[in-house]
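For clarity, every value in this text was computed on a predicted model and none was experimentally measured. Both counts, for ligands and for their atoms, begin at 1 and track the order of listing.
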Amino acid sequence: MPTTSAFTGGDHMQPWSLTVDRLITHAARWHGDRELVSREADGRIVRSSWAASERRARRFSAALLAAGIRPGDRIGTLAMNGARHVEAWFGMMGVGIVCHTINPRLFEDQLAYIVEHGGDRWLLADPMFAPLAEQLRARCPSIERVIYLCDAGGLPPGAAPGSDFDGLLAAHEPDAAWGGFDEHAPAALCYTSGTTGHPKGVLYSHRSQLLHTMICAQADAIALSARDTVLAIVPMFHANAWGLPFMAAAAGAKFVLPGIKLDGRSVYELLETEAVTFSGAVPTVWQVLLDYLTVNRLRLSTLKRVAIGGSACPEALIRGFRDGHGVQVLHAWGMTELSPIGTVAGRAPPEVAARGPDAELALNLKQGRVPFGVDMKITDDEDRRLPHDGRTPGHLRVQGPAISARYFREDREALDAEGYFDTGDIGTVDEHGYLQITDRAKDLIKSGGEWISSVEIENIAAGHPKALMAAVVAIPHPRWRERPLLVVQLKDGASATRDEFLGFLEGKIAKFWMPDDVVFIEKMPLGATGKLDKKVLRTRYPGSAAS
Ligand code: ADP
């Protein structure tokens, strides 16, 4: 007798591997005319389209393969946001080469460490980063070649002829075949500041990037549409610009890339001339923009929504956007290890919305809810789950397909017994499922969206001949959100000045790591195990927090 069910076991759906080349292929095929607009370093506006950039990306793939770069190899990028950078990304990832975005603002020693640890074979650099790129080439034997993201006319002085990206593309056909490999293959690499020791590499897979894009596409997350024009201010070296290049391609949105100039006037001009509807950046950038708009009595005429994250979003920003410009703020929390979006506070749940705009604003000051595809819990020091009562703070732990399980070149999984990743953040969760970050357990300071390692500064300062112990805590700053304060206990009988210590740090750390102040303390507070007790220091220097 024939059975009614034809089930024979196995998956009956198509084996459509989740690789990121599909995103730009989709954009080129179905939204091919939608523009990619870049502002070059000299201020010129250059226009491309998803279709044209896809072809250029394929040319780049062909160039890489012809040069003997193989799937799994890493290529570093030292570049701001521009269409060439986007083309380079997809060109690498399309054929399984790993795109390693590098933050050019880091100190040279850290950069050299990152490039060597990544094992980068080529470096792609904006011409403005030529001195840095050449220094790294001299220090890091793995680098075979530096390619500049420009045309022949834009090459920096001393660059090898033929080392321009456009020339390389012109020499190859747009015929590289993309995809066709395991979706678990690595796509991108991004280093994040280690609390202690060296930066750690987060190795994203094709699958994790693609799923992150779809997680963010949900209505209560980022929700880009083909009608959006997206300005990606958050740099492409910060956790893939929060995934915006992937999201814009998936949605078929117009994509605007601002280059290096992020002052109020430059951002305002781009927002208006390109009729931007959505943008994302850290609070500092938005604060500068709103100040510029207020001073010059200007209004934003097209912008509808902005994602703000990387640091807590101040109330004044949400109010400034809402009341002055009718712009909705999506307060987002995340981290490099999360690809990076973890939570988003956008449209409040109906029961809160019913209580009016101020109730909604109060809720949106929190970091938001998890979209489908991210799960979170808060725990006590013994890994026990804590209640979601909006009052009890705990260690924030997260789980999901776009969340890192272990760092690059490390075998040990960084997960707890239930498979959750400890974020190093401390927070509460309320009855609506809204997360509020209240503190930071990891020993880092975040200044204008960039990390400062307290431990590294402490170690150097403690090496001063007059220092017995040194500690660094965060103090609040109106523009940068947090700045480092150096606290020193001198050796018995020694005396020293603030400038002596600042002078000692000079040249040993990046300029933006330089503490804003130095205070001397009689006796450093120590915990039961003889370790420095930063909790006590934080209460002693009011406003210092979460360092
Ligand atoms: P990103 O490059 O996205 O800023 P990082 O990994 O460098 O990611 O930084 C992540 C950390 O930044 C978080 O663990 C948290 O401490 C802090 N952070 C990010 N977003 C927020 C936010 N909205 N509010 C408070 N802190 C935040």
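In terms of polar-atom proximity, His238 is not counted as a contact of ligand 1, lacking any N or O under 3.5 Å from an N or O of the ligand. Residue Ile308 has no N or O atom closer than 3.5 Å to an N or O atom of ligand 1.
Of all protein heavy atoms, the one lying nearest to atom 7 (O) of ligand 1 is Trp451 NE1, 2.7 Å. Considering only non-hydrogen protein atoms, atom 23 (N) of ligand 1 sits nearest to Ala332 O, 2.8 Å. Of the protein's non-hydrogen atoms, the one nearest atom 3 (O) of ligand 1 is Trp242 NE1, 3.5 Å. Of the protein's heavy atoms, Asp425 OD2, 3.1 Å lies nearest to atom 15 (C) of ligand 1. With hydrogens left out, the protein atom closest to atom 24 (N) of ligand 1 is Gln367 NE2, 2.9 Å, a heavy atom. Nearest protein heavy-atom contact of atom 25 (C) of ligand 1 is Ala312 N, 3.3 Å. Nearest to atom 1 (P) of ligand 1 among the protein's heavy atoms is Lys446 NZ, 3.8 Å.
Taking the six-membered ring for Trp and thresholds of 30 and 60 degrees, Trp286 and Phe321 have ring planes more than 60 degrees apart, a perpendicular arrangement.
Residues Tyr191 and His117 bring a donor and an acceptor atom of their side chains to less than 3.5 Å of each other. Using modelled atom types, one finds no donor on one side chain facing an acceptor on the other under 3.5 Å when comparing His477 with Ser447.
Atom CZ of Phe512 has more than 12 neighbouring heavy atoms from other residues, nucleotides or ligands inside a 6.0 Å radius.
A donor-acceptor distance shorter than 3.5 angstrom exists from the side chain of Asn81 to the backbone of Val234, with no hydrogens or angles considered.
Considering all non-hydrogen atoms of both residues, Ala133 and Ala125 come closest at CB-CB, 4.0 Å. Here the closest non-hydrogen pair linking Ile341 and Cys216 is CG1-SG, 3.6 Å.
Those atoms of ligand 1 that come under 4.0 Å of a heavy atom in Lys442, given as number and element, are 13 (C), 14 (O), 16 (O). Atoms of ligand 1 lying under 4.0 Å from at least one heavy atom of Gly334, given by number and element, are 10 (C), 11 (C), 13 (C), 19 (C), 20 (N).
Scanning Gly449, Ala239, Gly310 for the heavy atom closest to atom 20 (N) of ligand 1 points to Gly310. Relative to atom 8 (O) of ligand 1, the option among Asn240, Val202, Thr336 with the closest non-hydrogen atom is Thr336.
A centroid separation of 6.0 Å or more is found between the aromatic rings of Trp513 and Phe107. If you look at Phe90 and Phe246, their ring centroids are closer than 6.0 Å.
Contact analysis leaves Gly424 out of contact with ligand 1, as no non-hydrogen atom separation drops below 4.0 angstrom. Not close to ligand 1: Glu450, with no non-hydrogen atom less than 4.0 angstrom away.
By the 6.0 Å and 45° rule, Lys366 does not stack over the aromatic ring of Tyr434.
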